[in-house]
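One structure below.
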Amino acid sequence: MSATSNLQRTGSRRIKPPTGSWADDLWQRWTATPQLQRRTEWILVGIITLIGALARFIRLGHPANLVFDEVYYVLDGWTLANLGYEAEWPENGRDLFAAGDVNAYTTDPSYVVHPPLGKYLIGWGMLIFGAENAFAWRIAVAVFGSLAVPLLYLVGKKLFGSIGLAAIAAGFLALDGHAIATSRISILDGLLMFFVLLGFLFLLYDRDDQRRQILGWTKAWREREHAKDPRIPLEAPRSKWSLTIRPRADRVPGPDWGPILWNRPWLVAMALSLAAAASIKWSGAYFLAIFCVVTIGIDAATRKEAGITFWLSGAVLKQGWASFLLTIPISIVLYLVTFLGWFRTGAGYYANWVQEEASRAWGGMLEWVPLSFQNFWHYQSEVLKFHSGLGADHPYASAPVQWPFLLRPTAFSYDYYSYGEHGCASTQCVEAITSLSNPLFYWLGTIAIVFLIMMLFVHRRWQTVAPVIGYAAGYLPWLITGRTAVYHFYVIAWLPFMFLAAALALQTLAGSPQDDRRSRTPAVTAVAIFLGLGVLVSFMFYPVWSGIQIPTWYWHLTHWLPGWE
């Protein structure tokens, strides 16, 4: 064959256009071998965690006074750590504490409406570092807020199987102002977020373990039964949805309801983590309830996939009660354990409510219940009444319908200074701490959640369903509550799920490394520009998240919406 004919063949052959982008080429070099990939991953996680920790710990002791609800949680945490229950302070107790008189509390019990675990964590931090300095007041929330960053990376890596997506989500959390502000002052919501996120990670682990056990059990059943009856297929047939417990006459032979799974260590770990969240704030119980229901849904879907005939009734009626026994009793026990000081001392609020009036004691079939538990039940019922009807007129109250749009973030603190005061070098200066998210990250998260909800009706995948579940578990209960005293900073509990959705949205925009280079490169470049702008916005807003003194004209530059003032 001549050289000319070879050239003609080559010229007529369709040449595949190059794929990927400059970012894909760079990533390929960084992850060319397992060793390089592991090193790149450690470097990425280390840098993101370091940035998150620095943003939370630098000048943590400033301001040196109690800020926002620290007046409750710091003082309660200190008395809890010393007395085992929350105690009253003098009328000027806030000022006395800030001035260094940290033992001015009384022994009279104080009425509080949040469980003690979060306040214990704050109090133990003060026991270690000394209650006389503001750094000690805030060390616990700063530690857990910093740990939430690599924790979100682990969640993203487990959910997406992608170092890049996990790093983006964790980077958003590291640089987000809402997460930073709630990690720099001692309120409970950042602690709540950490344990919710930890529980979600354990949910992901349990899902894999749950699927492995069900699919393995079904495979073994088919192999065993096929040897007895060749009509039973070795491969799982597609199972039709059925609520009945009676076998269909025309069904393909297969297991009816499937196994009961008792070996669920990750399910127990999830329950304990979310019980810890509920022991910080009752809103953590929403996540516990919804995530437990989700595990039943996962069980049903897996049984259907495995070809179990009555997959729904098998999941609900057969596995459901077992899952209940694995989660709810141990969650109740952990919740009670956090009140151990209240039970042990018998000096907390309502600890002697029944003893004060004999007619309050339970009778009949409940007469045997110890008085301490009768007192505890009354205490919890009063707390429930408080939360159910809580209403207040507060300048930073924000209705839940506003939260997805970032219309009214909560100003935790702001102090004005004139020229020459506290080093002010402008006509007027301000030191502000505001739970304002990075608007680019946050609005992308809201758009991404809407996008994932739409995808539920088009192409459902676990990776797109899971962030919506976490978001809904945190947000939806507030939409149906009758409370009016609600605030935007509650969003921190489900903010990580918004960032998981945001990372997934950016991947969708950027496309795949297998895409044509002519379309992939501009898409990846646009995503890179967005991320760069987000980092710049975080640098711009950091002073109003951390209380750094700035001129008022600078402060006004951060008021992009009227409700941010």
Side-chain angles (χ1 to χ4, degrees), residues 158-159 161 199-275 287-332 456 459-466 468-470 472-473:
K158 181 63 179 174
L159 182 61
F200 187 74
L201 177 63
F202 292 145
L203 170 65
L204 298 180
Y205 284 131
D206 178 68
R207 175 180 180 268
D208 286 354
D209 188 46
Q210 190 178 13
R211 287 176 53 79
R212 177 187 59 79
Q213 292 189 60
I214 292 176
L215 295 175
W217 181 93
T218 309
K219 180 181 179 182
W221 184 93
R222 291 188 181 282
E223 291 174 349
R224 183 176 62 253
E225 297 300 318
H226 180 78
K228 302 175 185 177
D229 184 356
R231 294 179 304 163
I232 297 177
L234 290 173
E235 296 296 327
R238 188 179 184 125
S239 178
K240 294 183 179 180
W241 182 75
S242 175
L243 282 173
T244 179
I245 61 173
R246 298 182 62 185
R248 291 168 51 95
D250 60 344
R251 72 180 177 90
V252 176
D256 288 336
W257 289 279
I260 297 178
L261 306 180
W262 289 104
N263 184 22
R264 302 280 294 278
W266 295 116
L267 180 65
V268 174
M270 182 201 78
L272 289 173
S273 298
L274 298 177
F287 291 95
L288 174 62
I290 293 175
F291 286 6
C292 283
V293 172
V294 167
T295 66
I296 300 300
I298 293 170
D299 187 278
T302 306
R303 288 170 193 260
K304 185 174 186 292
E305 178 185 342
I308 294 173
T309 305
F310 306 120
W311 49 271
L312 183 59
S313 54
V316 175
L317 302 178
K318 190 171 185 179
Q319 180 63 44
W321 67 271
S323 296
F324 177 90
L325 292 178
L326 287 170
T327 55
I328 303 307
I330 196 171
S331 299
I332 294 174
L456 297 180
H459 180 59
R460 286 183 297 274
R461 293 187 302 131
W462 172 243
Q463 289 77 11
T464 58
V465 171
V468 175
I469 291 172

Take F324 and I296 through the test side chain to side chain contact (heavy atoms under 4.5 Å, CB included) and record every step on the way to the result. CA-CA 10 Å; F324 177 90; I296 300 300; over 6 Å; no
Could you walk me through whether L204 and W462 pass side chain to side chain contact (heavy atoms under 4.5 Å, CB included), step by step? CA-CA 10 Å; L204 298 180; W462 172 243; 3.7 Å; yes
Counting C-beta onward and ignoring hydrogens, is there a side-chain heavy-atom pair between [X] and [Y] closer than 4.5 Å?
X	Y	result
S331	L274	no
F202	V268	no
W217	L261	no
F310	V316	no
I298	Q210	yes
V294	F200	no
W262	L325	yes
W311	T302	no

Mind checking what makes salt bridge (Lys or Arg N to Asp or Glu O under 4.0 Å) contact with K318, not counting sequence neighbours? none
Under-4.0 Å salt bridge between [X] and [Y]:
X	Y	answer
D208	R211	no
R264	D206	yes
D299	R303	yes

Separation of R207 CZ from K158 NZ (nearest 0.5 Å): 9.0 Å
Starting at CH2 of W266, measure out to CG of L201 and round the result to the nearest 0.5 Å. 7.5 Å
If every non-hydrogen atom of [X] is compared with every non-hydrogen atom of [Y], which pair is closest and at what distance?
X	Y	answer
A473	I290	CA-CD1, 3.4 Å
Q319	P259	OE1-O, 3.9 Å
A271	I330	CB-CG2, 4.3 Å
M270	C292	CE-SG, 3.9 Å

If you count the non-hydrogen atoms of other residues, nucleotides and ligands that lie under 6.0 Å from NZ in K219, is the total more than 12? no
Can a donor-acceptor pair be found, under 3.5 Å and without considering hydrogens, that links the side chain of T218 to the backbone of I214? yes
